[in-house]
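Data first, discussion second: the structure below is written as C-alpha cells.
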Amino acid sequence: MTDPSWNQLLRDQLEWHWDNQLRPRLEELTDDELAWQQGEEVPTIQWRLDHVIWTLADRSARHFGRDPVAEETYPFSPTADGTLELLDQEYATWLAGVRSLGEEGLLLPCGPGEGPWHASPKAAIITHVHKEVIHHGAEVALLRDLYAVRSLRGARLVERDLRDARFVSCGLSGVVMRGVDVQGMQVDAPWLLEDDEGSLVVNDVDVAPYVDAELDRRFPGRAQRRAADPDGLRAAWAALESTWAATVERAGSLPAGVVDESVDGEWSFAQTLRHLVLATDMWLGRAVLGVEQPFHPLGLRDDSLDEEEGFDTSVFATDPPTYAEVLAARADRQAMVRDFLAGVTSEELATQRANPHEPDRPATTLSCLHVILEEEWEHHRFAVRDLAVIEARVP
C-alpha cells in the first residue's frame with residue numbers, strides 16, 4: 001500500500017467534508033432560507049456562504065493564478081441557485097489549485113500576498129481556508145435545521161421546561177395547554193377581541209370578555225372606541241385626547257430623559273408618540289384623505305412600512321428628534337383627527353377606502369378610524385404600564 005501524500009491528505013480533509021456533509025446539506029436551498037435572519041446579531045446563510053465564496057476566490061487569486069478579485073465588485077448572487085453556482089465554481093478552482101502544488105509546493109512561503117504571514121508555508125494557508133469552509137459550512141447546516149423547525153404549528157410538547165421564556169410576535173391561536181404551571185405568566189394580546197371575536201379560555205372559563213370589561217373600567221373612554229356615528233366618534237376622540245393629555249403631563253413630571261427610556265426592550269414614551277403620528281398618517285392621511293405622501297418626518301418608521309408596498313420611507317428623519325419636536329408633531333396629528341371628525345358625516349363614514357397594507361381587504365372610513373382608536377388605546381395602555389415601571393425606579 002502506498003502512503004498518501006500530504007497534498008492528498010489536505011485535499012481529503014476538505015473533500016470528505018464537502019462531499020459527505022456540506023454540499024448535500026445545501027440541496028434545495030431556497031431564497032427565503034438564504035435571507036432568513038435567525039436573530040438581530042446572527043448573520044444569515046447568505047452572509048456565511050458569500051464569506052466562504054469570497055475566501056476561496058480571494059485565496060485562489062493570491063496563490064493559484066485565479067483572476068484578481070475585489071470584494072466590493074465580486075458578482076455575489078442574491079438567489080440561492082446563483083449562490084450555490086458560485087460556491088461550486090470557487091470550490092473547484094481552489095481544489096485544483098491545491099492539487100497543483102504537489103508536495104514541494106506545500107512548503108513554499110505564502111509570499112507578500114499574505115502580509116504578516118508571508119513567510120508561512122502555503123500548507124498553513126490551506127489548512128486555514130479549509131477550517132473556514134468547514135466551520136462556516138457547519139453553521140449553515142445548523143441554520144437550515146433551525147429554519148426547518150421555526151414553526152412548531154401542531155407540535156406536541158410534553159414535560160418541557162419553558163419557564164421564563166419570552167414569546168414575541170408569535171402565533172399562539174388555538175394552542176391547548178393541559179396540566180400546565182402558569183404561575184406569573186403574563187399575556188399581552190392586543191387583538192384578543194378584534195372585531196368582537198376571539199376567546200381566551202382558562203379552566204373552562206372564557207376570560208376575554210372580563211379582560212375587556214376591566215380595561216374599560218381602568219381607562220374611562222376606552223369603551224367608546226367602537227363608536228359608529230359622527231357624534232360618538234367625536235366624543236371618543238375627545239376622551240382620548242383628555243386621557244393622553246394627563247399621561248403626557250405625568251411623563252413630563254419625571255426626570256429629564258426618562259421619556260426616551262425603554263422598558264424591557266419596548267418603545268420608549270417618546271417613540272410611542274412617534275408611532276401614533278405614523279398610525280394617524282397611515283390610516284387617516286393615506287387611507288381616508290388619500291394623501292400620496294402623508295408621512296410626518298418624525299413618525300416612527302417600523303416594520304409596518306414595507307417598501308414593496310410602495311411606501312416612500314426616505315422622508316423619515318434619521319437623527320433622533322427632541323422631545324419638544326415629538327410633542328409638536330403629535331399635537332399636529334391629534335388636531336388633524338379632531339378637525340376631520342368635526343365635519344365628518346354618516347355618509348362619509350360608509351365610504352369605501354383602500355386598506356394601506358392590504359388593498360384587497362375591504363375598508364371604510366369608519367373602519368380606518370376604528371384602527372386609529374384601537375392603536376391609541378392599546379399604546380396608551382403600554383405607555384402607562386411602562387411609566388409605572390420607570391416611576392418605581394425613580395428615587
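When reading the values below, keep in mind they use all heavy atoms of this one structure, side chains included, and skip hydrogens, waters and symmetry mates.
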Evaluate side-chain contact (heavy atoms from CB on, under 4.5 Å) for Thr93 paired with Leu56, printing each intermediate quantity in order.
CA-CA 8 Å; Thr93 300; Leu56 293 171; over 6 Å; no
If you compare all heavy atoms of [X] against all heavy atoms of [Y], which two are closest, and at what distance to 0.1 Å?
X	Y	result
Glu375	Ala279	OE1-CB, 4.2 Å
Ser100	Gly97	OG-O, 2.5 Å
Met282	Pro356	SD-CB, 3.5 Å
Phe316	Gly299	CD2-O, 3.3 Å
Val394	Pro255	CG1-CG, 3.9 Å

Candidate pair Leu101 and Phe64, rule side-chain contact (heavy atoms from CB on, under 4.5 Å), full reasoning:
CA-CA 9 Å; Leu101 289 176; Phe64 303 138; 3.7 Å; yes
Check for a donor-acceptor pair, side chain of [X] on one end and backbone N or O of [Y] on the other, with a separation under 3.5 Å.
X	Y	value
Gln271	Ser268	yes
Asn355	Arg361	no
Gln89	Leu84	no
Ser242	Ala238	no
Glu376	Leu276	no
Ser199	Val201	no
Asp386	Val263	no
Arg333	Thr280	no
Thr365	Glu348	yes
Glu325	Thr322	yes

Using ring-ring contact (aromatic ring centres under 6.0 Å, His included) as the criterion, list what pairs up with [X], not counting sequence neighbours.
X	value
Phe76	Tyr74
His370	none
His17	none

Hey, what do you get for [atom1] ([X]) to [atom2] ([Y]), rounding to the nearest 0.5 Å?
X	Y	atom1	atom2	answer
Gln38	Leu146	CD	CG	5.5 Å
Leu107	Ser120	CG	OG	12.5 Å
Glu132	Trp54	CD	CH2	13.5 Å
Asn7	Leu9	CG	CG	9.0 Å
Asp81	Leu86	CG	CG	11.0 Å

Counting only heavy atoms from other residues, nucleotides and ligands, does the tally under 6.0 Å from [atom1] of [X] exceed 12?
X	atom1	answer
Asn203	CG	no
Glu104	CD	no
Arg156	CZ	no
His135	NE2	yes
Glu103	CD	yes

Do Leu278 and Val291 land in one hydrophobic cluster if side-chain heavy atoms of ILVMFWY residues count as linked below 4.5 Å?
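Yes, it is one cluster - the side chains of Leu278 and Val291 are joined through contacts under 4.5 Å.
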Is it the case that [X] and [Y] place a side-chain donor and acceptor less than 3.5 Å from each other?
X	Y	result
Glu241	Trp237	yes
Arg11	Gln8	yes
Trp94	His63	no

If the condition is salt bridge (charged side-chain N to carboxylate O under 4.0 Å, His left out), which residues does Glu266 pass it with, not counting sequence neighbours?
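Glu266 satisfies salt bridge (charged side-chain N to carboxylate O under 4.0 Å, His left out) with Arg166 only.
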Using the salt bridge (charged side-chain N to carboxylate O under 4.0 Å, His left out) criterion, which residues pair with Arg99? Sequence neighbours excluded.
none
ring-ring contact (aromatic ring centres under 6.0 Å, His included), that's the test. Do His128 and Trp117 meet it? Break it down for me.
CA-CA 12 Å; His128 168 73; Trp117 297 279; 8.4 Å; no
Angle between ring planes, [X] versus [Y], binned at 30° and 60°: parallel, tilted or perpendicular?
X	Y	answer
Tyr147	Trp36	perpendicular
His136	Trp47	perpendicular
Phe269	Trp244	tilted

For [X], side chain to side chain contact (heavy atoms under 4.5 Å, CB included) partners two or more places apart:
X	result
Val384	Phe219, Thr247, Arg250, His380
Thr127	Leu10
Asp145	Arg25
Ala331	none

With side-chain contact (heavy atoms from CB on, under 4.5 Å) as the criterion, how do Thr44 and Leu34 come out once you've worked through the C-alpha distance, each side chain's angles and the decisive distance to 0.1 Å?
CA-CA 7 Å; Thr44 62; Leu34 194 70; over 6 Å; no
Here the salt bridge (Lys or Arg N to Asp or Glu O under 4.0 Å) pairs for residues 51-60, sequence neighbours left out, are Asp58-Arg62, Arg59-Glu114
Which residues, ordered by chain and number, are linked to Phe382 in its hydrophobic cluster, where ILVMFWY side chains connect at heavy-atom gaps below 4.5 Å, directly or through other members?
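The other cluster members (ILVMFWY side chains, heavy atoms under 4.5 Å, direct or chained): none.
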Val258 side chain near Glu261 side chain, heavy-atom distance below 4.5 Å:
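In contact.
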Solution key, residues 169-181 side-chain donor-acceptor pairs under 3.5 Å, sequence neighbours excluded:
unit_1	atom_1	unit_2	atom_2	d
Asp181	OD1	Gln183	N	3.1

Any ion pair linking Asp212 and Arg225 (charged N to carboxylate O, less than 4.0 Å)?
yes
Yes or no on side-chain contact (heavy atoms from CB on, under 4.5 Å) for Leu14 and Val129, after CA distance, side-chain angles and deciding distance?
CA-CA 9 Å; Leu14 180 61; Val129 170; over 6 Å; no
Does the pair Gln352 and Thr364 meet the rule for a side chain to side chain donor-acceptor pair (under 3.5 Å), with working shown?
CA-CA 4 Å; Gln352 294 294 310; Thr364 63; 6.0 Å; no
